[in-house]
Amino acid sequence: MNRKFWVIILLPLVLLSGCWDVDEPERMLYIHGMGVDYKDGKYEVYAQIISFANTAKSEMPPSDLPQAEVGYETGETIDEAIHNLYHSMDEKVYWGHLSYLVVSEEVLKNTKLSPIIDTFIRFRETRYKIWVYATKDSVEEVLLVKPVLNKTVSLSKLSDPENSFKQESYVEPIDIRRLIIDMNEPGYEAKIPVVTLIDNWKSSKETINSISVNGVAVVTPKGLQGEILDDKARGLQWMSNDTKRGQLTFKLSNGEYISAIIEKVNRKIKPVLGTGDARFDINVNMTVYVSVIVGEVSYQEIRKHVIEEAEKEIMKTYEEALKKDIDIYGFSNVLYRENVKVWKEQHTDGKINLTESSIRNITIQLDKIASDRKSIKPTIEE
């Protein structure tokens with residue numbers, strides 16, 4: 001009796017165990033990128049669905065087949081907008097491949113970033129390694145951009161920014177995990193890269209839109225603090241230990257221009273405490289490479305110009321941020337970690353008072369100047 005009873009109970013479990021509840025890959029739609037706008041009190045979501053059939057085979061999939069398509073819906077909440085989008089989807093959606101999120105300037109201005117972040121990090125399929133961008137352009141157009149040479153969208157600048165950052169470290173990419181940390185640390189500001197559409201690439205048939213990073217949008221839990229764009233943001237790359245490679249161009253005493261490649265940036269910020277508000281000493285070490293030499297130039301002159309230009313860019317970014325009440329170099333956080341007692345005395349809502357004289361000294365040391373050749377004379381002399 002007992003044996004028959006257990007056979008009846010266990011036999012269905014054996015037959016039903018295994019992969020009976022696993023979804024078939026071909027019956028899934030894979031979300032690769034998301035865009036969110038906010039207009040007239042409603043969320044507008046754009047979902048970029050990627051086709052692995054056209055991206056996984058090679059780096060250059062067939063040009064006549066779309067790699068990705070973008071769907072659109074609206075809703076009173078971000079969840080409602082996403083669920084409205086499900087109405088037009090043929091298959092079940094998998095969120096585990098979500099790589100990047102693009103939000104509009106209106107989202108940041110209306111303090112709607114927090115519910116958007118909550119939606120994605122609390123869903124079990126998504127990861128914290130989701131890159132975040134802001135844009136003033138159409139979110140839909142940004143998601144529709146194809147990589148140059150029709151390379152796979154899974155390796156685009158938006159979904160894989162670290163690769164291009166190694167070559168040109170103008171603005172550091174940020175993922176959701178770092179965004180949350182920065183907005184919860186004293187200073188309570190996070191820098192989101194701002195992307196824009198440009199059409200500086202062409203093929204024999206057409207002009208090609210591409211994505212360009214042109215600055216940062218600084219956000220706080222209260223919304224958008226301000227934006228620092230174009231040349232005004234160039235000082236950021238000399239104030240980050242994550243910078244891999246940057247560039248400085250300056251004019252020599254002989255009237256010629258020269259460009260220097262900067263690598264191995266090592267920045268240290270030291271608070272200087274005394275009477276009154278805290279001030280800060282900045283020390284930056286870097287290695288300089290010069291490839292193109294025009295006319296007579298000495299190492300001493302290159303050294304002098306690199307130091308002057310780097311200092312100028314650091315101060316330009318700082319002064320632009322100061323106009324918008326932005327602690328762009330995180331001085332509040334530095335003081336918090338170095339001397340929490342003084343920070344408690346000087347901060348207001350987590351931020352200390354910053355003025356034009358808050359930077360006491362900038363010291364830039366060049367560990368090495370190399371020309372990639374044995375001399376710094378022109379290869380072909382006149």
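Just so you know, these numbers use all the heavy atoms, side chains as well, and skip hydrogens, waters and symmetry mates.
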Are [X] and [Y] side-chain neighbours, meaning at least one heavy-atom pair lies under 4.5 Å?
| X | Y | answer |
| --- | --- | --- |
| Val288 | Ile261 | no |
| Leu335 | Gln346 | yes |
| Val93 | Ile31 | yes |
| Asn283 | Ile269 | no |
| Asp37 | Glu140 | no |
| Phe331 | Ile282 | yes |
| Arg245 | Lys166 | no |
| Ile82 | Trp95 | yes |

Heavy atoms from other residues, nucleotides or ligands near [atom1] of [X] exceed 12 (cutoff 6.0 Å):
| X | atom1 | answer |
| --- | --- | --- |
| Gln167 | CD | no |
| Asn200 | CG | yes |
| Asn241 | CG | yes |
| Glu69 | CD | no |
| Tyr336 | OH | no |

Between [X] and [Y] (salt bridge meaning N to carboxylate O under 4.0 Å), is one present in this structure?
| X | Y | result |
| --- | --- | --- |
| Lys351 | Glu189 | yes |
| Lys42 | Glu73 | no |
| Lys136 | Glu227 | yes |
| Arg360 | Asp281 | yes |
| Lys244 | Glu168 | no |
| Lys323 | Glu320 | yes |
| Asp175 | Arg177 | no |
| Glu308 | Lys312 | no |

State plainly whether one hydrophobic cluster holds both [X] and [Y], where clusters connect Ile, Leu, Val, Met, Phe, Trp and Tyr through side-chain heavy atoms under 4.5 angstrom apart.
| X | Y | result |
| --- | --- | --- |
| Trp131 | Tyr170 | yes |
| Met34 | Tyr128 | yes |
| Val218 | Val107 | no |
| Leu158 | Val139 | yes |
| Val284 | Ile262 | yes |

Should Arg127 and Ser99 be marked as a side chain to side chain contact (heavy atoms under 4.5 Å, CB included) after you check the CA-CA gap, both sets of side-chain angles, and the distance that decides it? CA-CA 9 Å; Arg127 304 161 295 168; Ser99 299; 4.3 Å; yes
Does a side chain donor of either [X] or [Y] reach within less than 3.5 Å of an acceptor in the other side chain?
| X | Y | value |
| --- | --- | --- |
| Ser240 | Glu172 | yes |
| Glu301 | Ser253 | yes |
| Asp367 | Thr287 | no |
| Glu356 | Ser358 | no |
| Asn209 | Asp199 | no |
| Ser154 | Ser159 | no |
| Asp137 | Thr196 | yes |

Where do [X] and [Y] come nearest, in terms of heavy atoms and distance?
| X | Y | answer |
| --- | --- | --- |
| Tyr38 | Glu106 | O-CB, 3.3 Å |
| Ile192 | Ile174 | CA-CG2, 4.1 Å |
| Ile228 | Ala321 | CD1-CB, 3.6 Å |
| Asp327 | Leu354 | OD1-CD1, 3.4 Å |
| Pro193 | Lys191 | CD-O, 3.8 Å |
| Gln225 | Lys324 | NE2-O, 3.3 Å |

Plane angle bin for His347 and Trp343 - parallel if under 30°, tilted between 30 and 60°, otherwise perpendicular: parallel
Over 60° means perpendicular and under 30° means parallel, so classify the ring planes of Phe250 and His305, tilted if in between.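 Ring orientation of His305 relative to Phe250: parallel.
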Let me see the working for Tyr43 and Glu80 under side-chain hydrogen bond (donor to acceptor under 3.5 Å, both in side chains), right down to the final yes or no. CA-CA 9 Å; Tyr43 290 89; Glu80 184 186 57; over 6 Å; no
Hey, which of His32, Lys157, Lys129 is the one that makes side-chain contact (heavy atoms from CB on, under 4.5 Å) with Tyr100? His32
For the pair Ile359 and Ile362, evaluate side chain to side chain contact (heavy atoms under 4.5 Å, CB included) and give the outcome as yes or no after the intermediate values. CA-CA 7 Å; Ile359 296 179; Ile362 299 177; 3.6 Å; yes
Checking Asn214 against Val195 for the side chain to side chain contact (heavy atoms under 4.5 Å, CB included) test, could you report, in this order, the C-alpha distance in whole Å, the side-chain angles of both residues, the deciding distance, and whether it holds? CA-CA 6 Å; Asn214 70 329; Val195 295; 6.0 Å; no
Intermediate values then yes/no, side chain to side chain contact (heavy atoms under 4.5 Å, CB included), Asn285 and Val265: CA-CA 6 Å; Asn285 288 53; Val265 175; over 6 Å; no
